[in-house]
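Beneath this line is the structure, given in structure tokens, with notes to follow.
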2 protein chains.
Amino acid sequence: MTTEHTSGTSDPARSLALLWRGGERAGRRGKHDLSVDRVVRAAIELADTEGVAALSMRKVAERLGVGTMSLYTYVPGKSELVDVMVDTVHGELGRHHEAPGGWRARLELIARDNWALCHRHPWLLQVLTSRPPLGPNISLDYEYQLRAIDGIGLSDLEMDSVTTLVTGYVHGAARGSVDAARDQRDSGLTDEQWWDTQAPFLRKVMEPGRFPVSSRVGAAAGEAYNAASDPDQAFEFGLARVLDGLQVFIDRKADAAPER
Amino acid sequence: MTTEHTSGTSDPARSLALLWRGGERAGRRGKHDLSVDRVVRAAIELADTEGVAALSMRKVAERLGVGTMSLYTYVPGKSELVDVMVDTVHGELGRHHEAPGGWRARLELIARDNWALCHRHPWLLQVLTSRPPLGPNISLDYEYQLRAIDGIGLSDLEMDSVTTLVTGYVHGAARGSVDAARDQRDSGLTDEQWWDTQAPFLRKVMEPGRFPVSSRVGAAAGEAYNAASDPDQAFEFGLARVLDGLQVFIDRKADAAPER
DNA sequence: GACTTTTCCGTACACTGTACCGTATGGTAT
DNA sequence: ATACCATACGGTACAGTGTACGGAAAAGTC
């Protein structure tokens, strides 16, 4: 990680052409064992199984039986490779704009799909930033998310706010869940075991009277989840609250302007 | 980043003693230019100004005018240093359990405080995982967050779910905001400028009919925010929705079990 | 067969965290 | 005052990172 700054080139034309696969020219000269798709697939497999920390150009090349620098023929650098990985896995998402049940059911489906995607590719959330790679799959997903709430009385700006809230919420909850799974794997300790190693020391260092409510609540949570928390339960609880909040918002708009 | 696994030692007793400053023994022999606090303060300053990517043991040592390995006298490793950093900055949070205005006003205050904290220390969110360092400040914050909603008719488990939701939401929204600021700084381009570099290419590569809703909504958002999105506006919108959702939940409970 | 284009890749550089071990320092016991 | 030694400090080394550079080799075209 010497240079963090997205590679020295940062050529938006090249990046977008890569994402939309615009540069596949035919009749190439030299030999061609590799392709963008093979590189990307290998990188995704590697990240899925070994984690984003193990995702290095050397390891990807090794997995393909190829020299490290050969990758740079197909991909300008690591950050662009990651961009393509992100867009690629977004192709796995369902497209629910026509699903029955109204906006609430559709948003819920979208949320659950994204939740599942984040768990299938735990590196996704470690790699997302505020400017998404505008590849074909991400663009389509955005379109479908908006269609799920189109025509229900929201302004364009409000529609954007709603999708931002839902994806934002899912990402946050999924981050908690995925981090918990990773912590458990890396440490070799379940949450319960981890707590058991901390507890005796905490008891020694915390004055008993200072944390009455958290002791009570922590004990209840520990008993219910066999852990400090249960990510799936947290996701369900929060999703219901967010959708309830949106319902309030949408109903209020409908009351204010009945029958258009 | 050769080894990601939280240093070879991973001794919970040592870590907790460090967090609660239990190991400050008096009458030390050799010279002592350094202290845990000085190391932590230097590291926090460094991370605040240069970003978490620049946070290396060598740089911290340099800032203190000291050899790199000297830090290891006071701190078992980088991951433990980061733990102390995280707990330390949580000491800046206000404690609003007694604030007036009912649970909603208190939760809102807590949310805004955490939002501000995340912006004061943008590295925080890049460093948090599911098992928080259980230092004095984080423990106190958890206690005060729970007290803000104690005695309003929720079960212990529900109280835990509520605080998890609120902190989770704030972290998610803040991550978006902080990432946007960092992207802007690192790339030297405002969101608007960045969009202007992408737009001409996107127009070339996207078939016009395939993205009708996102074109419309994207245009509206671009006009309103001079960017693809406005993190502050997104935070406000989402916070109101989450609190509305909680209100529905809490009111429903009160209706079901009126009086007590 | 000659030429040209493209692919493939070995080497090198500036970074990282930290294990290992030697040296310097200053408090304590004599 | 002297000797002792626990402790603090830090130099070197190792395995790893992304990628710039430039050379070698392969294949399409004439």
Side-chain angles (χ1 to χ4, degrees), chain A residues 1-11 14 23-36 38-39 42-43 46-47 50-83 85 126-127 186, chain B residues 1-11 14 23-39 42-43 46-47 50-83 85 127 186:
Chain A
M1 310 286 179
T2 111
T3 53
E4 197 80 3
H5 43 61
T6 60
S7 92
T9 45
S10 147
D11 174 359
R14 173 94 199 266
E24 320 268 34
R25 48 224 166 294
R28 296 127 78 216
R29 298 288 171 94
K31 63 174 169 178
H32 41 282
D33 301 351
L34 253 42
S35 70
V36 175
R38 291 231 303 137
V39 172
L46 183 62
E50 313 246 355
V52 75
L55 178 70
S56 73
M57 300 303 267
R58 283 170 176 78
K59 291 252 186 69
V60 174
E62 198 177 328
R63 187 171 273 252
L64 289 164
V66 127
T68 308
M69 292 314 290
S70 306
L71 305 179
Y72 287 85
T73 305
Y74 296 89
V75 153
K78 194 192 186 186
S79 93
E80 288 85 353
L81 171 57
V82 170
D83 281 352
M85 291 168 65
Q126 297 180 268
V127 135
D186 290 355
Chain B
M1 308 289 179
T2 108
T3 52
E4 197 79 4
H5 43 61
T6 58
S7 92
T9 43
S10 147
D11 173 0
R14 174 94 198 265
E24 321 267 33
R25 48 225 169 295
R28 295 128 78 220
R29 298 289 174 92
K31 62 175 170 178
H32 39 284
D33 302 350
L34 253 41
S35 70
V36 175
D37 276 319
R38 293 232 302 138
V39 172
L46 183 62
E50 313 246 357
V52 74
L55 179 70
S56 73
M57 299 304 266
R58 281 170 176 79
K59 291 251 184 69
V60 174
E62 199 176 329
R63 186 171 272 253
L64 289 165
V66 125
T68 308
M69 293 313 292
S70 305
L71 304 180
Y72 286 86
T73 304
Y74 296 90
V75 153
K78 194 192 187 187
S79 93
E80 287 85 355
L81 171 57
V82 169
D83 281 352
M85 293 168 65
V127 135
D186 290 355

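Scope of the values below: all heavy atoms of this structure, side chains included, with no hydrogens, waters or symmetry mates. In what follows, chains carry the letters A, B, and so on, assigned in the order in which the sequence lines appear, proteins first and then strands, with residues in each chain numbered from 1.
Computed from coordinates, the A:Leu34 CG to D:dA27 P distance equals 15 Å when rounded to whole Å. Atom CG of A:Asp33 is separated from atom P of C:dT7 by 12 Å (rounded to the nearest Å). The interatomic distance linking B:Leu64 (CG) with D:dG10 (P) rounds to 11 Å, in whole Å. When rounded to the nearest whole Å, the span between CE of B:Met57 and P of D:dA13 equals 21 Å. Rounded to whole angstrom, the span from the CD atom of A:Glu80 across to the P atom of D:dG18 amounts to 13 Å. Per the geometry, CZ belonging to B:Arg38 stands 14 Å off C1' belonging to D:dC9, to the nearest Å. Note: CG (A:Leu71) to P (D:dG18) measures 10 Å, nearest angstrom.
Nearest-nucleotide positions on DNA chain C for B:Thr68 and A:Thr68 put A:Thr68 closer to the 5' end.
Between A:Gly77 and A:Val75, the shortest heavy-atom distance links the atoms O-CG1, 3.0 Å.
Without hydrogens or angle criteria, B:Tyr74 side chain to B:Leu34 main chain gives a donor-acceptor distance under 3.5 Å.
Put simply, B:Ser56 has a side-chain N or O that comes within less than 4.0 Å of OP1 or OP2 on C:dT16. One finds no side-chain N or O of B:Tyr72 lying less than 4.0 angstrom from the OP1 or OP2 phosphate oxygen of C:dC20.
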Considering only distance and modelled atom types, tabulate donor-acceptor pairs under 3.5 Å from the side chains of residues 54-65 of chain B, sequence neighbours left out.
residue, atom, partner, partner atom, Å
B:Ser56, OG, B:Lys59, N, 3.2
B:Arg63, NH1, B:Glu45, OE1, 3.3

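Within the structure, salt bridge (Lys or Arg N to Asp or Glu O under 4.0 Å) pairs that include any residue of residues 68-77 of chain B do not occur (at least two apart or interchain).
A:Arg58 contributes no side-chain N or O that forms a donor-acceptor pair with the base of D:dG16 under 3.5 Å.
Side-chain proximity of B:Tyr74 to the nucleotides D:dA8, C:dT7, C:dT18 is greatest for D:dA8. Side chain of B:Met69, nearest nucleotide from C:dT7, C:dA19, D:dT19: C:dA19.
Contact annotation for B:Leu55: backbone-only contact, meaning every heavy-atom pair under 4.0 Å involves sugar-phosphate atoms and none involves a base. When heavy atoms are screened at a 4.0 angstrom cut-off, A:Ser70 is found touching base atoms of the nucleic acid.
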